[in-house]
Every structure is written in C-alpha cells, then in structure tokens.
Amino acid sequence: MRNLNGNKSKFVYQVKGLNLWYGDKQVLKDINMKVLENEITAIIGPSGCGKSTFVKTLNRMTDNIPIVRTEGEILYNSQDIFNSEMKVEELRTKVGMVFQKPNPFPKSIFENVVYGPKIHGIKSKKTLMEIAEQSLRGAALWEEVKDRLSDNAYGLSGGQQQRLCIARTMAVSPEVILMDEPTASLDPVATMKIEELMEDLKKEYTIIIVTHNMQQAARISDKTAFFLSGELIEFDKTNKVFGNPADKRTEDYITGRFG
Amino acid sequence: MNKDGNEGFILKEDVKLMNEKMTRPEKEQVTFNKDRIAWRIGLNNFAKHLFFLSTVFAIVVLGILLYQIVVGSIGWLDWQFLTNNLSIFPEKAGIKGAIMGTLFLMMIVIPITLIIGVATAIYLEEYATEGRIQRIIKVNISNLASVPSVIFGLLGLTVFSRMLNLGPSILAGGLTMSLLVLPIVVVASQEALRSVPGFLREASYGMGADKWTTIWRVVLPISIPGIITGAILSISRAIGETAPLVVLGVPTLIMKIPTGIMDDFTVMPIQIYYWTLDTVLTPEYAYLASATIVVLLVTLFILNSVAIIIRNKFQKKF
C-alpha cells in the first residue's frame, strides 16, 4: 500500500473491537478502524455520537475519567496502548492533542511552546529557542509573534492561541496529532488559516480530526469516518463518503436530513 | 387589593384569561399593575435603608473601639515601649518579650502550616480518588476549622505539653497553633487548586506530562496567590489567638527574652489579657494594654493588606 507521497505506508492505528462505557452507558460499540500514516482522517457525526470520546481514547485521555471502562484493542504502531507495559506519558509524546477550546498556559508565548521539551528534560536555552522557532514556523505563527515571544499567550487572538497550541504540540515532535473540533470556537478567517496549516502538517504528521463542520471534513480530509450512536457506520475515502455513501444513514446525515 | 407581598406579580387567573384571549377591561388591569409597582419600589427603598443601617452599625462599633484604644495608648506607645523588657513599673514596661515570643511562634507556625496544609490540599484535590472517604475527610476538615480554639489548647496541653513533655515552650505553643490554623490553610489551598481550570491540566497531560509535573509546573504557579492569601489570613488568626496558649499555661511575667524554641515565652494577646486583669492593682496597666492592642492591630492590618495586594496582583483571568 502506498500513501500520497508515494512512500510505502504503514498503519499508525489499528482499532480492533473497541467498546467503551461511561458507567453503565455504552458510548462506543465495537469500533474497527485503521489509520494510515500521513493522512488526515476526519471523524464526523451528530453530537453525543462518541466521536470525541473515540479520539480521546486514542491517547488515553479518557484515563482521567474514573468511570470509563474499555474493552478491545487499540494498536499504535502494532503495540496495544492498553497494555500495562505502555506508559501513557510516553504514548502522549508520540500522539499529541489539540483541544476544542484553545488552552494555552497563562505563561509567555515562548514558555508555552517549550513546555513539552522542558518537561521531557531539554535544558539548553539554545536548543529550546530552536525548537520554539521551528514549531512556531510549523504552526504558521512565527511571523506574527517573533517580536513578542515573552508576552503572555492570553494577549493573542483566539485563532493565534489555537495555532500556538498546535505549535506547542508539535514541539514534542509527535507522530500523530489528534484534533478535537479545533476550529469550533474560531471565526471563519482563523478557521481557514488552521485548515491551510493542516495541509502542511500532513506531510509530517498523521492527523485525526473531529469536526462538526461537514464542509471542513470534505475540504481537508483523505478519509472520513461517520459515527452514529457510538457505532462506526461508515469509514472510507472522503470522496466516496461524501460522493457516494454506502449507508443510507450517512447520506441522510451529510445531506443535512438530521444531526 | 392584596398588599401583603405574597401574591405573584401576575396572578394565575390573569394567565388563564390571557391564554384564552378573553377580553378584560384594560383600565382595571393597568391600575392593578401600578399599585404593585409602587409597593415593590417602596419595599426596595425600605430594604436599602435597612441594609445601610446595618453597615453603619458595624462601622460605628469599629470606630468606637479604635477610638478608645488609640486614645488610651497615647503617651504610652513609643519606641521604648517596643524595646523594653517587662517591668512592674508601668512607665518602664515594654513588650519586647511579647513581640519576640510572637515572632518565634510564627517561625514554628508558618513552615508547619504551609508544608502540611498545602500537601494535604494537593493530596485531597489532585490525588485522592473521588469517593465517600474523600468526601468525609473534606467535610471534617471544614468542621475542624470551626472547632473552638480552647479545645485545640486542651489537645496541645495533653499531647505536646504533657505526653511529649514540651511544657509551655514555644515549640508546644507553635505546634498547637499550627493545628488550630491548619484547616484554614487546607480549605483555602483546596479552593485555590480547584480554581485552576481543567483544560490547563488536560493540555499538560496531552503532552505527556505526569501528574506531579502538571501540578508543579501548571497548577501550583496559578494557585499560589490563593494559597498565600489563605496562609497569611491563617497566620493573622494565629497571631491574635489567646485561648489555646492560656490553656497551655503560657505565663505573662517573662523577664527573660526567649532565645530558642524550647524557652518559655509570652505573646502580645496574652500580655493584653493579663494587663487588663491587673488594672485592679495598677490602673496604668490599662494604658499599656491599649498600646499593645495598637501594636497588634497594626501588625494584623499590615498582614491583611499584604494578602489583599498579593491576591489582586497575581489574579489571573482565563
């Protein structure tokens, strides 16, 4: 199998028979899904269909919720992430996450970007500066903030804050970036910038993005997964899902008949 | 027309009528509303004045208190008063011993309450799993904060003075005071930790940080102003508290200035207490008590101001 760059590609994620419960309520039902390297996978579906939960399970952010119980396998580079030998801290350095609401720390722009490298033991100021510049360039924010790296991150606009969060995630040099509705709280211009950015990011990262915005999914993703009531209804190439969906429910959803 | 205020603004009957689109003489309805509004405005005015009077009452009491104390201390409060040792002659008496005692006491209370208090709060808020036991502990810490101080004094007398044989020393007094104010620090720190938004913790975890790294680098820096504010307020309480030390048997007639934590000591509130008692013998002691109260109040005022400054300066918005 070859990906878009023509290189031999591999499966970054292989989800096998994943079930997840919040207390007694089953939120994910027998999910099977494979994610290819350097692709953008969009996850769509109505509110409460389990798409956010699914993405959070991929780097075990659901660990923080005590009532969550999971069953099944998620292989990350053929290693089960629920295996007791898998350290969750290590997994999360490989699989970064960008959240729905921009969540920079109340620190300077520079300190935000180098937070990850710092906690993972990089001390040299020079190295940290290099990482900061590289990450901010990568997130298309460098030109806007290079003269005020020591300013508080909360002085940035919402869209800039979100790109800062993307830069912060990139600074840990992950393989995968999970995005949970990253543009939900942004205006159309900021949203467009982030979408353009994702096109670039794709070359180096595998991206899995949850979105409520159907056009966004159609515009940016290579594959689309449609979730409904905790089930994966359809998962295929984006063109196929939007152009010629196999399932009636997918068609109803993307044509706006419900959800 | 009913004016007892128990009626709703719009009667059920009215709603029914409106829903049924039945016509009702418009004029009558308007007069009804007007009366209600006048009544409400009157009630509001009454409430406003009542609340104003309550505030004035509190301020007047404070004013009288301050006036009496300050007037009593005039002519007695000078540099000599702060630096002299205790004496049976009122003109020569000073409170150096009490000031040093208070300082030594704080050297014990501050580190113990901060370390144990913040550690407890971190455990309860960040590590302990939600559940019945955690809830019981939390409720009881709040209860502990309202236990009368004299009871902590009895605890200190039994455990520190007698069982550990520390007597009425600074160490015993400091440990007792620490227990007394610990719940305040714990509760204040818990609130400060809780005010750190969850999305910041998520951001840190999302980059592979473990719990302690997240607490140390993200949660604590944000909550430290709240923690310090709580700590300063609890220290103010410890400085002003008398009862537990009286129970411990802390004396007032200390001619020797304390030099170490095992020495006997006295503190300002106790000095005030005994001087006030002894006015029967020497009337001038009343002035000395007033002067000491001024010193104590100024100290507390400064501490509270620092707490407010810290809170305002470091307050962060998200």
Side-chain angles (χ1 to χ4, degrees), chain A residues 52 55-56 58-67 87-108 111-121 135 152-155 161-162 164-174 176-180 185, chain B residues 118 121-138 189-229 309-318:
Chain A
S52 274
V55 164
K56 284 191 172 150
L58 293 178
N59 72 343
R60 284 178 55 188
M61 288 301 278
T62 45
D63 281 17
N64 301 330
I65 310 161
I67 55 165
K87 284 203 175 59
V88 69
E89 286 82 8
E90 214 174 298
L91 173 69
R92 288 175 190 160
T93 62
K94 294 281 157 215
V95 183
M97 186 146 199
V98 176
F99 298 84
Q100 183 172 349
K101 199 180 152 214
N103 57 355
F105 299 121
K107 300 169 187 260
S108 72
E111 285 298 328
N112 263 284
V113 184
V114 299
Y115 179 86
K118 262 191 173 172
I119 63 170
H120 295 301
S135 310
N152 195 299
Y154 278 81
Q161 286 185 18
Q162 193 62 299
L164 178 64
C165 293
I166 295 175
R168 185 176 63 180
T169 304
M170 289 164 70
V172 193
S173 37
V176 183
I177 299 181
L178 306 173
M179 296 184 169
D180 187 4
S185 61
Chain B
V118 175
I122 289 179
Y123 177 74
L124 288 176
E125 283 303 315
E126 306 286 333
Y127 285 99
T129 43
E130 289 286 333
R132 211 185 171 148
I133 296 168
Q134 190 218 22
R135 263 205 309 282
I136 291 172
I137 294 176
K138 278 186 179 174
S189 306
Q190 274 182 298
E191 258 157 40
L193 293 171
R194 224 175 296 149
S195 72
V196 178
F199 58 77
L200 294 180
R201 290 189 177 86
E202 270 195 329
S204 177
Y205 292 142
M207 274 176 289
D210 55 285
K211 208 157 207 170
W212 173 239
T213 309
T214 304
I215 294 170
W216 181 247
R217 287 182 180 259
V218 178
V219 177
L220 274 181
I222 296 171
S223 50
I224 226 106
I227 292 174
I228 291 180
T229 308
I309 289 168
I310 290 176
R311 196 169 49 210
N312 291 345
K313 188 165 178 194
F314 293 97
Q315 214 157 41
K316 293 217 166 76
K317 290 186 181 74
F318 303 99

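By convention in this document, chain letters (A, B, ...) are assigned in the order of the sequence lines, proteins followed by strands, and residues within each chain are numbered from 1.
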Given that the side chain runs from C-beta out, which part of [X] has a heavy atom under 4.5 Å from chain B: side chain, backbone, both or neither?
X       : value
A:Val95 : backbone
A:Lys94 : neither
A:Arg60 : neither

Check your understanding: Hey, does B:Pro197 have a side-chain heavy atom less than 4.5 Å from the side chain of A:Asn103?
Key ->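 A:Asn103 vs B:Pro197: side chains apart.
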Practice item. For residues A:Asp63 and B:Tyr205, determine if any side-chain heavy atom of one lies less than 4.5 Å from a side-chain heavy atom of the other. Key: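 SC-SC contact between A:Asp63 and B:Tyr205 ruled out.
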**Study point:** Shortest non-hydrogen separation from B:Ala203 to A:Arg168 and the atoms involved
**Key:**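 Shortest heavy-atom separation between B:Ala203 and A:Arg168 comes out as CB-NH2, 3.3 Å.
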Check your understanding: Which heavy-atom pair separates A:Pro106 from B:Ile222 by the least distance, and what is that distance?
Key ->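 That closest heavy-atom pairing would be CG-CD1, 3.5 Å.
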**Study point:** Residue B:Tyr123 excluded, over 12 heavy atoms near OH under 6.0 Å
**Key:**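 For B:Tyr123, atom OH is not crowded (no more than 12 foreign heavy atoms under 6.0 Å).
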Check your understanding: With a cut-off of 6.0 Å (strictly less than), are more than 12 heavy atoms of other residues, nucleotides or ligands near CD1 of B:Ile133?
Key ->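 Count not over threshold, so no.
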Exercise for review: Please state whether the side chain, the backbone, both or neither of B:Thr129 comes within less than 4.5 Å of a heavy atom of chain A.
Suggested key: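 Answer is neither: B:Thr129 stays 4.5 Å or more from chain A.
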Check your understanding: In terms of heavy-atom pairs under 4.5 Å, which option from A:Thr93, A:Ile119, A:Thr169 contacts chain B the most?
Key ->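 Going by pairs under 4.5 Å, I would pick A:Ile119.
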**Study point:** Option that, when pairs with chain B are counted at under 4.5 Å, heavy atom only, ranks first among A:Gln100, A:Lys56, A:His120
**Key:**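 It is A:His120.
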**Study point:** Atom pair CE (B:Met207) and OH (A:Tyr115), whose distance is rounded to the nearest 0.5 Å
**Key:**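 Output value for this atom pair is 6.5 Å.
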Practice item. Report the distance from atom NZ of A:Lys107 to atom CG of B:Leu200, rounding to the nearest 0.5 Å. Key: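 The CG atom of B:Leu200 is 10.0 Å from NZ of A:Lys107, to the nearest 0.5 Å.
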